[in-house]
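Notes to accompany the following structure.
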Amino acid sequence: MQIPDSKIAVTLYNLREYCKTESDLASTLEKVAGMGYKCVQVSGVPLPADVIRKYLDANELFCCATHENLATISGDPKVIIDKLQTLGCDFTALGSPGGDFDLTSMESVQNLADIFKRQGDALAEAGIKLAYHNHAAEFAKIAGSKKTMLETFMDLTAGHNVYSELDVHWVTRGGGSPVAWIKKLAGRITVIHFKDFVIHEKQPVFCEIGEGNLDWPEILKACEETNVRWYSIEQDREFPGRNIFDSIKISIDNLKSWGVK
């Protein structure tokens with residue numbers, strides 16, 4: 001499929017419960033396309049790449065990114081290259097290093113940075129960008145350092161083929177400023193995760209873009225100024241009493257109402 005003009009994407013991780021089988025995927029992608037989406041991020045879909053591509057093409061949907069686990073990213077680059085070439089995609093990110101990974105250990109972070117530099121170079125030869133997707137935990141300080149894990153990792157990989165798939169929700173939950181981080185990583189963010197949250201019954205809960213507490217006018221301005229290509233909508237769980245399909249429709253409608261294509 002030709003790359004669409006739209007900047008808006010939705011990650012299929014939102015819809016993972018509705019993408020487990022081939023028939024589920026077919027139905028889900030038809031609904032996504034019907035909402036006006038032109039692009040998706042393939043994440044949380046346990047189906048072969050050729051099957052996913054078949055239904056992407058059937059619904060005229062472009063794949064802007066995937067998520068891979070650390071074992072896959074650390075392994076033979078050909079596995080990722082083959083998958084992404086099948087999907088017609090040129091961007092992948094580590095969704096999370098895993099619960100056992102010590103984000104406060106300088107040794108662990110250095111080892112991770114070395115893996116990313118090596119694999120980022122290998123993937124770049126095939127025209128693929130490798131990125132790191134953050135959660136809130138990456139804003140913990142490295143032991144014995146004044147720097148956070150994310151700052152340390154991005155500093156260690158600066159000047160290499162390593163990018164950020166910044167998640168503005170988790171930056172906020174980690175105590176950081178999304179706008180400051182977008183500007184700090186200018187030129188290293190091709191895909192950004194748009195995710196909102198609101199306090200509901202005294203607890204922070206995921207919600208639709210524009211229905212929560214993030215400063216979207218300033219976030220969008222920073223993205224425009226730094227030429228972020230794709231805005232991938234992610235809502236990890238349903239808002240209480242609301243269907244996830246309704247939620248991703250609200251998110252795209254809100255973005256379009258603000259003039260985002």
Side-chain angles (χ1 to χ4, degrees), residues 9-16 41-45 65-74 91-106 108-113 115-116 120 129-143 145 147-157 162-182 184-185 188-200 203-209 212-216 219 222-223 228 230-239 244 247 251:
V10 63
T11 173
L12 296 181
Y13 180 75
N14 303 334
L15 306 169
R16 58 197 177 277
Q41 175 169 352
V42 174
S43 176
V45 183
T66 74
H67 268 184
E68 307 299 336
N69 60 32
L70 185 55
T72 301
I73 287 173
S74 302
F91 183 97
T92 191
L94 175 66
S96 167
D100 294 333
F101 187 88
D102 187 353
L103 293 168
T104 64
S105 163
M106 186 63 201
S108 294
V109 176
Q110 179 69 67
N111 289 340
L112 184 65
I115 290 169
F116 266 70
K129 292 180 178 179
L130 175 63
Y132 185 91
H133 169 267
N134 66 279
H135 291 87
E138 281 82 357
F139 290 86
K141 298 288 180 67
I142 297 288
S145 171
K147 291 186 176 182
T148 64
M149 180 275 174
L150 187 61
E151 185 176 10
T152 302
F153 176 82
M154 297 311 297
D155 284 350
L156 287 170
T157 56
V162 179
Y163 298 82
S164 168
E165 186 184 54
L166 196 73
D167 186 307
V168 297
H169 164 98
W170 290 121
V171 172
T172 305
R173 290 280 290 272
S177 161
V179 170
W181 271 94
I182 291 166
K184 176 182 177 65
L185 297 175
R188 299 182 73 182
I189 305 175
T190 301
V191 180
I192 192 166
H193 270 196
F194 275 11
K195 184 187 301 178
D196 212 337
F197 74 100
V198 68
I199 302 303
H200 176 74
Q203 297 295 324
V205 297
F206 299 106
C207 68
E208 302 80 9
I209 306 303
N213 295 323
L214 270 69
D215 188 350
W216 290 107
I219 290 171
C223 287
V228 176
W230 299 105
Y231 307 159
S232 186
I233 294 168
E234 185 173 56
Q235 185 177 327
D236 295 25
R237 288 184 291 279
E238 294 178 341
F239 186 81
I244 191 64
S247 288
S251 288

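All residue numbers refer to positions in the sequence shown, counting from 1. None of the values given here were measured: they were computed from a predicted structure. Note: hydrogens, waters and symmetry copies are ignored here, and every other heavy atom, side chains too, is used.
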Partners passing side-chain hydrogen bond (donor to acceptor under 3.5 Å, both in side chains) against [X] (at least two apart in sequence or in another chain):
X: Glu68; value: Thr66, Lys83
X: Lys129; value: Thr190
X: Asn111; value: none
X: Trp230; value: none

Would you say [X] and [Y] make side-chain contact, with heavy atoms under 4.5 Å?
X: Arg188; Y: Val162; answer: yes
X: Ile192; Y: Ile182; answer: yes
X: Ile142; Y: Gln110; answer: no
X: Thr92; Y: Leu130; answer: yes
X: Leu12; Y: Ser43; answer: no
X: Tyr163; Y: Val191; answer: no
X: Asp196; Y: Ser251; answer: no

The criterion is side chain to side chain contact (heavy atoms under 4.5 Å, CB included); which residues satisfy it with [X], sequence neighbours excluded?
X: Ala9; value: Cys39, Cys64, Ser232
X: Lys147; value: Ser145, Glu151, Thr152, Asp155
X: Ser164; value: Met154, Leu166, Leu185, Ile189
X: Ser74; value: Leu70, Ile115

What pairs with Trp181 under ring pair (Phe, Tyr, Trp, His ring centres under 6.0 Å), at least two apart in sequence or on another chain?
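Trp181: ring pair (Phe, Tyr, Trp, His ring centres under 6.0 Å) contacts with Phe139.
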Please list, chain by chain and in numerical order, all residues satisfying ring pair (Phe, Tyr, Trp, His ring centres under 6.0 Å) with Phe153, sequence neighbours excluded.
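Checked Phe153 against ring pair (Phe, Tyr, Trp, His ring centres under 6.0 Å); matches are Phe116, Tyr132.
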Going by the rule salt bridge (Lys or Arg N to Asp or Glu O under 4.0 Å), which residues pair with Glu138 if we only count those two or more places apart in sequence or in a different chain?
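Checked Glu138 against salt bridge (Lys or Arg N to Asp or Glu O under 4.0 Å); zero matches.
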Side chain to side chain contact (heavy atoms under 4.5 Å, CB included) partner of Glu234, chosen from Thr11, Ile209, Val10
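Between Glu234 and the candidates, side chain to side chain contact (heavy atoms under 4.5 Å, CB included) is satisfied uniquely by Thr11.
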So Glu238 and Ser247, side chain to side chain contact (heavy atoms under 4.5 Å, CB included) or not? Walk me through it.
CA-CA 8 Å; Glu238 294 178 341; Ser247 288; 5.8 Å; no
With rounding to the nearest 0.5 Å, note down the distance linking CG in Leu94 to CD1 in Ile73.
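Going from the CG atom of Leu94 to the CD1 atom of Ile73 covers 4.5 Å.
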Test side chain to side chain contact (heavy atoms under 4.5 Å, CB included) applied to Leu156 and Met106, step by step
CA-CA 11 Å; Leu156 287 170; Met106 186 63 201; 3.9 Å; yes
Is there any salt bridge (charged side-chain N to carboxylate O under 4.0 Å, His left out) pair reaching into residues 166-175, and which pairs are they, with sequence neighbours excluded?
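Only Asp167-Lys195 qualify under salt bridge (charged side-chain N to carboxylate O under 4.0 Å, His left out).
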Could you walk me through whether Trp170 and Asp236 pass the side chain to side chain contact (heavy atoms under 4.5 Å, CB included) test, one step at a time?
CA-CA 11 Å; Trp170 290 121; Asp236 295 25; 4.1 Å; yes
On a heavy-atom basis, which atom in [X] and which in [Y] lie closest, and how many Å separate them?
X: Val168; Y: Pro178; answer: O-CG, 3.6 Å
X: Val198; Y: Asn213; answer: CA-ND2, 3.6 Å
X: Ala140; Y: Thr104; answer: CB-CG2, 4.0 Å
X: Phe101; Y: Ser108; answer: CZ-O, 3.4 Å

Between His67 and Glu165, do the side chains contain an N or O donor and an N or O acceptor separated by less than 3.5 Å?
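Yes.
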